[in-house]
Amino acid sequence: MLVLCATGLVQESAQEPVHEPVHEPVHEPVHEPVRVGSKSFTESVVLGEVVRQLLVAEGFEARHQTELGGTRIVFEALRAGELDAYVEYTGTLREEIYAGRDLAEDGALEAALAGDGLRIVATLGFDNTYALAVRADTALELELETVSDLVPHTGLVYGVGHEFLERSDGWPGLAARYGLAPDSVRGLDHDLAYRAIAVGEIGVMDVYTTDADVAHHDLFVLRDDRTYFPAYAAVLVAREDLDERCPGATEVLGRLADALDEARMMALNARAKIDGLPEDAVAAEFLGEAFGLVGDVRASSLVSRVARATGEHMFLVGISLLAALLVGLPLGVIAARRRRLGRVVLAAVAVLQTIPSLAMFVFLIPALGIGWRPAVAVLFLYSLLPIVRGTHAGLRGVPRPLVESAAALGLGGWARLRLVELPLALRSILAGVQTSAVINVGTATIAAFIGADGYGKAILSGIRRDDTAQIMEGAVPAALLALLVQGAFDLFERAVLSPGLAAQNERSNDG
Amino acid sequence: MLELRGVTKSYGEAVVLAPLDLVCARDETTVLIGPSGCGKSTLLKLINGLLVPDAGEVRFDGTRLTPQNAQGLRRRMGYVIQEGGLFPHLTARDNVELLARHIGIASAQRAARIAELCELAHFEVDLLGRYPRELSGGQRQRVALMRALMLDPEVLLLDEPLGALDPMIRAGLQEDLRSVFRACAKTVVLVTHDVGEAAFFADRVVLLRDGRVVQEGAPRELVERPAEPFVEAFVRAQRTGWEAMS
């Protein structure tokens, strides 16, 4: 994140010195960055990059928090003031964010957003909604242009996504509105549907109107002539107070109004998804063509990316594990000493384990925002169980005669714990901490969902771009780090565990 | 030295000790004997303060034992449990001096005391660096005894100290134990279920059954003047093997 900022600064002064005086008369030079967010799919990342690079080109400092874990997380971050702007779809705002308000029209959105201190600063000009598509040659042959044209052709096989097939606002409603009664409708995975339509196994499929694969597979999108599908117009949502911190930013963002239509967006998606161009390069291309601006593309080597991700990852794991130790050990001791309280403590840490991480993130954003703080908090909570359990089990497993011996010697409770019980429970405690650490290394990859990066970021990008090499860039170091942690703990155990205990297992095996 | 008055103890429904009185005189060896479950180990734990009686009182050198003063008084009572109760993560030396070090006794002083104890308990100094698992059963019991004697306590409590040993080692350790008791002139309370052992150590034997004192006195008295048929039966049960052979 810091690296990114610094790069932005350097580029700003190197490339756009002329813009500095523009802001100077009214305010001190603006150094507070505009924080842009995006969700974990290509179109969102490309548009986030477009917004960031536009701002940089206009002399602002801007950061782009890519691939946040989902609508809820990005929107909550925006509302909490952790982000300043991101591209959303009106349909998503209506149906998902303000689902309870029953907003029938896009027009009603302005008021709802204003209630959260937000506003739409630009309507980008394209819709990314559901549509039906056929192969271009089929469209020509059967003279298909609109969905209504499909009605007489009942012999065409429909292959639609499982979700689309079930949703009342999906296939059932669509068929009813148009009077579609095909002989065969099959539920299909989206990626499989593209392959199936290419070889002619199905004739019609559901698509998103800006889907890169539509162009790639040479499909023809049928017009929704009875306007069945809801509007999913892409809009740039920003905080109303953006100009207070970054004067003039809103105006710059407004330049994106009507800058893209479906075809153009689809082309940009295809550049990223089909041609494999990085999103920042795609965004730079677009800014060059549409506004004649020079984009801000950062190149980085594999080594520097992995090194940075390793640093971020180890930071997340280290802090969360340390905190879990500081809390988990005393909890384990208390749990072992007081049976009833112990049961409550063990149940509580076990319940924590069952809360899905994304739910926990959404829950934590108002208090901790996005970035490393909520990530560390979630990892901390997940790390507690093995540590508390290991400590509890270890202490409960200390043979009663030894506990009595220690008491009979005249050692006080605290001294007994420190000199006898904890050393005897050490193996079990260490096993718990080790389990925590290894799981933590793996779990920390979810931190990318909330903008804390680490190895998870490469994994998420790789999955999104269907780029195995990029997935490996995150997955392999994560696996190696897990092995390293495991090995380090084995060595540590050998170093600190009393030789009097080390051979205990062998002995009992002999017996 | 030790006085128990009207002491009772039960675990839930099970009464382990009925109201019981017991006095152990200074510098005498008292042996508590009886069949399993007669409450003799419980009695030892009450004396040591590991257990708190439901009723009655325990006095140590005139002071009533309470949960508040138990920890301090325990340091004046050495305690050896059946399997020795040595801490497996500590060497023999660390086991012996654990408490002494904890309460801040200087290392030179500790070393001198350990040397003394090794001689007394017939334990080879070379073995002090070993962990319990590297010692034989007899050696472990000697270390446990040294640990109990480290702070030169006034009272020594032993719960079946020879119980887990095989007969040969047992005989040797038995001799050594008795010479230690005599050399140190301590008030000793020893628990056993073995009549022969009781006779070997005891100045006075206390025979328990179901949490009550059945008979107490010099070992010879139990054989010659059993108070009730149970005493005779208990004593004879352990001697029949020998008699059958002779």
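In this text, all values refer to a predicted model and were calculated from it rather than measured experimentally. Residue numbers start from 1 in every chain, and the chains themselves are labelled A, B, ... in the order their sequence lines are given, proteins ahead of strands.
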Q: Would you say CE of Met1(B) has more than 12 non-hydrogen atoms from neighbouring residues, nucleotides or ligands within 6.0 angstrom?
A: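 Yes, the 6.0 Å shell around CE holds more than 12 heavy atoms from other groups.
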
Q: When rounded to the nearest 0.5 angstrom, what is the spacing between NE2 in His89(B) and CG in Leu419(A)?
A: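 So the NE2 of His89(B) and the CG of Leu419(A) are separated by 7.0 Å.
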
Q: For Ala408(A) and Tyr79(B), work out which heavy atoms get closest and say how close.
A: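 Shortest heavy-atom separation between Ala408(A) and Tyr79(B) comes out as CB-CD2, 3.6 Å.
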
Q: Would you indicate whether the side-chain heavy atoms of Phe87(B) and Leu402(A) approach each other to under 4.5 Å?
A: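 Counting from C-beta outward, Leu402(A) and Phe87(B) do come under 4.5 Å.
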
Q: Atom CG of Leu424(A) and atom CG of Leu90(B): how far apart are they, to the nearest 0.5 Å?
A: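 Leu424(A) atom CG to Leu90(B) atom CG measures 8.0 Å (nearest 0.5 Å).
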
Q: Just checking Arg178(B): does its CZ atom have more than 12 heavy atoms from other residues, nucleotides or ligands closer to it than 6.0 angstrom?
A: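 More than 12 heavy atoms, drawn from other residues, nucleotides or ligands, come within 6.0 Å of this atom.
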
Q: What closest approach, in Å, do Leu50(B) and Ala407(A) show between heavy atoms, and which atom pair accounts for it?
A: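 Smallest interatomic distance, heavy atoms only, reads CD2-CB, 3.5 Å.
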
Q: Return the CG to CD distance between Leu51(B) and Glu404(A), rounded to the nearest 0.5 Å.
A: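 Nearest 0.5 Å value for the CG-CD distance: 7.0 Å.
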
Q: Does atom CZ (Arg389(A)) have a neighbourhood of more than 12 heavy atoms from anything else shown, all under 6.0 Å?
A: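 At most 12 heavy atoms, drawn from other residues, nucleotides or ligands, come within 6.0 Å of this atom.
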
Q: Please classify the contact between Leu86(B) and chain A as side chain, backbone, both or neither, with a heavy-atom cut-off of under 4.5 Å.
A: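 Backbone of Leu86(B) only, per the 4.5 Å heavy-atom cut-off to chain A.
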
Q: Minimum heavy-atom separation for Ser498(A) and Pro88(B), please, with both atom names.
A: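 Minimum heavy-atom contact is OG-O, 4.4 Å.
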
Q: Checking the side chain of Arg133(B) only, and the main-chain atoms of Pro499(A) only, is there a donor and an acceptor separated by less than 3.5 Å?
A: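 Indeed, once roles are kept as given, a pair shorter than 3.5 Å links the two residues.
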
Q: Does atom CD (Glu124(B)) have a neighbourhood of more than 12 heavy atoms from anything else shown, all under 6.0 Å?
A: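 It does not: Glu124(B) CD has 12 such atoms or fewer within range.
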
Q: Between Leu99(B) and Leu409(A), what is the shortest heavy-atom contact and its length?
A: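 Reported closest heavy-atom pair: CD2-O, 2.9 Å.
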
Q: My understanding is that only one of His102(B), Arg74(B), Arg75(B) makes a side-chain contact (heavy atoms from CB on, under 4.5 Å) with Leu411(A); could you say which?
A: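 Exactly one candidate clears the test, His102(B).
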
Q: If you count heavy-atom pairs under 4.5 Å between each of Ile103(B), Leu98(B), Thr91(B) and chain A, which one has the most?
A: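 If we count pairs closer than 4.5 Å to chain A, Leu98(B) comes out on top.
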
Q: Taking atom CZ of Phe489(A) as the centre, report whether more than 12 heavy atoms of other residues, nucleotides or ligands fall under 6.0 Å from it.
A: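 It does: Phe489(A) CZ has more than 12 such atoms within range.
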
Q: Mind listing the closest non-hydrogen atom pair of Ser405(A) and Arg147(B) along with its distance?
A: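 Distance-wise, the nearest heavy atoms are OG-NH2, 3.5 Å.
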
Q: For Arg418(A), which atoms come within 4.5 Å of any heavy atom of chain B: side chain, backbone, both, or neither?
A: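 For Arg418(A), side-chain heavy atoms alone lie under 4.5 Å from chain B.
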
